[in-house]
Novice: 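Next up is a structure, given as structure tokens.
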Amino acid sequence: MRLEYFQMITRVVSFDAQARTLTAAADVPAESPVFEGHFPGYPLLPGVLMIEAMAQASGWLILGLNGLTAMPFLVGTNSTKMRDFVQPSTPLVVHAEMIGDGSGYAVTKAFITREGKKVAEAEIKFAVKTFPDPKFASMIREWGERLQFPFEKLETA
Amino acid sequence: MSSTFETVSKIISETCDIPLEKITSESHAIDDLGIDSLDFLDIAFAIDKAFGIKLPLEKWTQEVNEGKAKTEDYFVLGALCGKIDELVAAKGA
């Protein structure tokens, strides 16, 4: 995680196009300017960043399923719950499953676990828009490479 | 069993907080009901789920943008319900 850059996923652990699921590691850093304000002397990962982590894992799932052709944009969440506090230096696992998709939208169910115990969950909705140009597509692919996205499993149908 | 219009108007009312009585088959989703494009994604999701179809929203939008169709061909509720019925019939064919 690089909280101040809004990069919440450390690496993609698994992607299953058939099951329409993705798992990602999200390692909460020991230090970040975010913790200086949230909260002074009592650092906690903000709940909105847990939502963002679930949205980004879901985003990589959607990108994988559309063969890296269209970008998902967060437009809403339902049934969002924070179940526990998360401190710095905590390894998290983010799980995402596609539960609905259609023309220009996708809906996922996502949750975060710490040592197997759920700490957050949400149903997340996305608008999905075709990449604006090939340069953007290249940037996304390079980003995916940094996250060790398993490109050999891309859904290109 | 509810008619297509009853189901669609209920979805729109619940998704966009629009009183049911304001929604008629002549209502234009964008011009009369003020539904924006992101709200319409929510509505499309609910319609797809309720009828077991996939509304081709991107195709419709492209046709409107290219001048091949008018927004009222797809976004006036009576017309929208007609398109839904066609998609449901095509699914069962």
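Reckoned from all heavy atoms, side chains included, excluding hydrogens, waters and symmetry mates. By convention in this document, chain letters (A, B, ...) are assigned in the order of the sequence lines, proteins followed by strands, and residues within each chain are numbered from 1.
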Novice: Between the side chains of B:His28 and B:Thr71, does any donor sit under 3.5 Å from an acceptor?
Specialist: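 B:His28 vs B:Thr71: donor-acceptor pair found between side chains.
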
Novice: If we count only N and O atoms by modelled type, under 3.5 Å, do the side chains of A:Thr80 and A:Thr77 hold a donor and an acceptor together?
Specialist: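 Indeed, the side chains of A:Thr80 and A:Thr77 share at least one donor-acceptor pair under 3.5 Å.
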
Novice: So which bits of residues 29-43 of chain B come within less than 4.5 Å of chain A, counting non-hydrogen atoms only?
Specialist: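 So the qualifying residues are B:Leu38, B:Leu41, B:Asp42.
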
Novice: Output yes when A:Asp101 and B:Lys54 qualify as a salt bridge under the 4.0 Å nitrogen-oxygen rule, no when they do not.
Specialist: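 Judged by the 4.0 Å cut-off on N to carboxylate O distance, A:Asp101 and B:Lys54 do form a salt bridge.
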
Novice: Assess whether a salt bridge exists between B:Asp73 and B:Lys83, defined as any Lys/Arg side-chain N lying under 4.0 Å from an Asp/Glu carboxylate O.
Specialist: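 Answer for the salt bridge query: no.
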
Novice: For A:Phe73 and A:Phe126, run ring-ring contact (aromatic ring centres under 6.0 Å, His included): C-alpha distance rounded to whole Å, both residues' side-chain angles, the deciding distance at 0.1 Å, then the answer.
Specialist: CA-CA 5 Å; A:Phe73 297 94; A:Phe126 298 86; 9.3 Å; no

Novice: Between A:Ser103 and B:Glu58, do the side chains contain an N or O donor and an N or O acceptor separated by less than 3.5 Å?
Specialist: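 Yes, because at least one side-chain N or O of A:Ser103 sits under 3.5 Å from a partner of the opposite role on B:Glu58.
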
